[in-house]
Structures are given as structure tokens and as C-alpha cells.
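All values below come from the heavy atoms of this structure, side chains included, with hydrogens, waters and symmetry mates left out.
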Number of protein chains: 2
Amino acid sequence: MSRLTATAKVILGLLKFGARTGYDVKRVTDLSTRFFWRASYGQIYPELRALEQAGLVRARDEPRGRRPRHVYALTAAGDRALLAWLQEGEDTYELRDEGLLRLFFGELLPPDDLRALVRRRREWFEASAVHFRGIATELGELDDPSGEVLRYGIELMDWNAAWWRDLEDRLGSAP
Amino acid sequence: MSRLTATAKVILGLLKFGARTGYDVKRVTDLSTRFFWRASYGQIYPELRALEQAGLVRARDEPRGRRPRHVYALTAAGDRALLAWLQEGEDTYELRDEGLLRLFFGELLPPDDLRALVRRRREWFEASAVHFRGIATELGELDDPSGEVLRYGIELMDWNAAWWRDLEDRLGSAP
DNA sequence: CCTAGCATGTAATACGTTACATGATTCA
DNA sequence: TGAATCATGTAACGTATTACATGCTAGG
């Protein structure tokens with residue numbers, strides 16, 4: 001069995017956690033892993049078929065009325081693949097932050113424009129923190145590992161907001 | 001003029017900052033923007049030609065001996081495009097963190113394996129922080145915006161290391 | 001009855017990495 | 001003379017988004 005794709009990893013995990021359809025997987029990722037692990041329909045549906053082909057999931061037709069509906073579940077092999085992935089291998093960490101790139105070239109900007117850019121970034125992270133807190137309120141207190149991940153999201157946004165605010169303060173007092 | 005690609009943005013900025021060849025761009029990104037804005041040869045060389053076609057950069061042949069060498073510089077239009085990008089538009093922020101995804105599914109793991117995963121992650125961020133501090137030492141004190149970005153890298157790795165360490169401590173004392 | 005949500009899927013396009021291929025020059 | 005660095009480039013593959021296309025069902 002070759003290595004799992006990025007989308008396969010989140011699909012297998014979510015199926016184990018109770019997701020049943022491709023639509024389900026999309027909805028749950030959008031509410032939970034979105035900020036550190038995205039998945040689009042263009043990946044999910046083809047990947048579900050590939051996983052079925054590989055014998056890691058099994059599909060059953062469970063239409064709702066005359067609307068077609070494919071319900072997926074892990075096979076024993078899928079279960080093993082999920083556990084194996086969770087236990088081994090390198091963790092990737094990738095960031096793409098356009099605000100940082102703009103800041104990197106900040107010397108090219110008039111000071112007022114640089115300050116505006118820093119302010120926008122600080123505001124964006126503040127708004128994100130509020131957004132994550134809203135999700136936390138909706139979901140209530142989660143005492144399991146997935147709750148830790150949500151806490152990570154909140155705290156990361158807070159940390160970023162604080163970092164950009166600190167820079168903003170220092171730029172504001174500059175000549 | 002259509003919008004700049006991700007690679008175009010870092011190329012234009014670095015050419016303005018003194019980079020001259022595609023090789024140069026690669027080397028500088030690897031030492032500076034790498035952790036939040038990567039670029040590979042497979043993107044850089046084709047993009048340089050596209051930018052030339054679009055009139056944003058101009059190329060001159062400046063071979064070293066009999067080794068071919070293409071030196072690039074911004075045109076007036078390239079200069080304007082760079083400044084325009086720096087001043088306007090949404091900032092993207094994207095994260096891919098496999099450690100978080102594993103943690104998200106952490107309920108599926110035996111407690112010892114979960115602890116091992118958290119420990120690995122904490123160690124990885126600690127090593128990254130050391131790596132960034134090494135770069136900072138090498139470059140000396142930078143008082144300009146690009147120095148702020150390096151500081152961001154160091155502090156982000158520190159923050160991550162502290163977050164995972166805190167989780168590790170709490171898991172360690174669990175039953 | 002109408003709207004929001006459930007549900008599936010593809011095509012076009014773009015983004016991006018990795019591995020390979022090649023070879024000159026510089027410095028120890 | 002040998003290793004490190006400078007330097008260019010492509011092909012194959014893999015990853016991912018966006019926009020489009022379709023239509024049913026549940027609940028107010």
C-alpha cells in the first residue's frame with residue numbers, strides 16, 4: 001500500500017469519527033480542520049473512489065428518496081492504514097503568509113503604508129480569534145484531543161494578533 | 001496586467017532588493033522567506049520568463065566565462081507592479097500542520113503513542129527555534145522590516161514549542 | 001410554496017515539488 | 001585535482017481550487 005495523500009488522511013480519520021458521505025467530510029473539515037488542513041470537493045470525491053479501489057473504505061448506496069447518496073465506512077485495512085499513519089512518519093509544517101511577505105519588503109513602502117499594512121494584519125488576526133471563539137462557544141467545552149486543536153487555533157490567532165499589535169506600537173512611535 | 005502569481009511576488013521583491021539571477025532568488029528565499037513563502041526552480045525559471053514576456057523584468061546575458069548567466073532587473077512597469085501589490089489586496093494566511101491533524105485524531109491512539117507524538121512535535125519546534133536563532137546570529141542585528149520577519153520566525157517557533165510542551169505536561173500527569 | 005441544506009460530481013486551470021540532466025568556475 | 005558552489009533548465013507527477021452543473025428533500 002503506497003502512502004496516503006493529504007486528503008486521504010483527513011477522510012479516513014473523519015470516517016472513523018462518524019462522517020459518512022463526501023458532503024459530510026467537507027462540512028466537518030470546514031468547521032474543524034479548515035485552518036490547518038483543507039479539503040475541497042475536487043479532492044474529496046475522487047479520493048473516496050481511490051480509497052475504495054485501494055480497499056481502505058467500502059461504499060454502500062443509501063439514497064434518500066430518489067436523491068443518490070453514498071455512505072462510506074472504513075474497512076479493516078483502512079483502519080490499519082489510519083492507525084499506522086497516526087503512529088509513524090514525519091510531521092509536515094507549512095505556512096503561507098502574504099502579510100509576512102509584504103512586511104519582508106516593507107522597506108520599499110512609505111511609512112504610512114507600512115503602518116496601514118501592519119494594522120490590517122493585526123485586525124485580521126483579531127477577527128480570526130473572535131471567529132474561533134465563536135466556534136468554541138458553539139461546540140461547548142471539549143475535553144478531548146480535538147478540543148486541544150481548537151484551543152490551538154484560538155491561541156495561535158491571539159498570539160498573532162499580539163505580535164502584529166506589538167509591531168504596530170513600535171512603528172507608531174517611530175519618527 | 002493580470003494579478004501576480006505567488007512566485008512572481010517574491011521574485012519581484014528580491015530583484016528589487018538586489019538579487020540578480022534565478023539561482024540567486026532561490027538561494028535568498030531558502031535563507032529568508034522559506035518558512036512562510038517557498039519557491040522552487042520549477043517555478044522560478046519559468047516565472048522569470050513569464051515576467052519578461054509581461055514586461056515586468058528585463059534580462060541581460062552576462063556569462064561568467066563560458067557558463068551562461070541571465071541577469072534580471074525590474075523594469076519601470078515591474079517596479080509599479082511590485083509597489084501596487086505591496087499596497088493593496090487581501091493577505092492570504094494558510095497553514096498545513098500534520099502534527100495538528102494527528103492530534104485532532106488523537107483519541108484513536110493509545111495514550112503512550114499520543115504522548116510520543118506530542119513530544120516529537122515539541123522537539124521539532126524546539127529544533128526549529130534553534131535553527132532560526134542560528135540564522136539570526138549569522139545575519140546579525142537587522143533593524144529593518146526583514147529583521148522583524150526573522151524575529152517572527154523565532155518567536156513563532158518558540159510559541160509552538162511552548163504550546164506543545166504545555167500539552168505534554170498536561171498529558172503526562174493524566175491517568 | 002419556497003428556501004436552506006443535502007448530495008454528487010467534473011472540467012479547466014493553476015500551483016508546486018522532485019528528480020533528473022548538464023556543466024563551468026572557484027578556492028583550498 | 002577535487003569539492004563546493006554557481007547556474008540553468010525541463011518533464012513527470014502530484015496537489016488543489018474554482019466554477020460549473022444538477023437536482024432532491026425537509027422544514028417552516
Checklist entry - Does the pair B/Glu62 and B/His70 meet the rule for a side-chain contact (heavy atoms from CB on, under 4.5 Å), with working shown? => result CA-CA 6 Å; B/Glu62 289 191 16; B/His70 313 309; over 6 Å; no
Length of the line joining [X]:[atom1] and [N]:[atom2], which is rounded to integer Å:
X       : N      : atom1 : atom2 : result
A/Lys9  : D/dG14 : NZ    : P     : 14 Å
B/Leu95 : D/dA16 : CG    : P     : 13 Å
B/Arg64 : D/dT8  : CZ    : P     : 11 Å
B/Glu62 : D/dA7  : CD    : P     : 11 Å
B/Arg38 : D/dT15 : CZ    : P     : 15 Å
B/Arg60 : D/dT8  : CZ    : P     : 14 Å
A/Leu4  : D/dG14 : CG    : C1'   : 15 Å
B/Ile11 : D/dT8  : CD1   : P     : 12 Å

Phosphate-side-chain proximity, [X] and [N], N/O vs OP1/OP2 below 4.0 Å:
X       : N      : answer
B/Arg49 : D/dT10 : yes
B/Thr21 : D/dT8  : yes
B/Tyr45 : D/dT8  : yes

Checklist outcome for this item: Counted 5' to 3', the first and last nucleotides of DNA chain C within 4.0 Å (strictly under) of a heavy-atom of chain A are C/dG5 to C/dG16
To the side chain of [X], which of [options] is closest?
X       : options               : result
B/Arg67 : D/dT8, D/dC6, D/dG23  : D/dC6
B/Tyr41 : D/dT17, D/dT8, D/dA7  : D/dT8
B/Arg96 : D/dA7, D/dA16, D/dC24 : D/dA16

Next on the checklist: Suppose we call two aromatic rings close when their centres sit under 6.0 Å apart. Are A/Phe35 and B/Tyr93 close by that rule?
Outcome noted: no
Is [X] salt-bridged to [Y], going by a charged N under 4.0 Å from an acidic O?
X        : Y        : value
B/Asp166 : B/Arg170 : yes
B/Asp97  : B/Arg121 : yes
A/Asp24  : A/Arg27  : yes

Checklist entry - Starting at the 5' end of DNA chain D, which residue's closest nucleotide do you reach first, B/Asp24 or B/Pro46? => result B/Asp24
Checklist entry - Between B/Glu168 and B/Trp163, does any side-chain donor sit less than 3.5 Å from a side-chain acceptor? => result no
Checklist entry - Relative to the ring of A/Tyr41, is the ring of A/Tyr45 parallel (under 30°), tilted (30 to 60°) or perpendicular (over 60°)? => result parallel
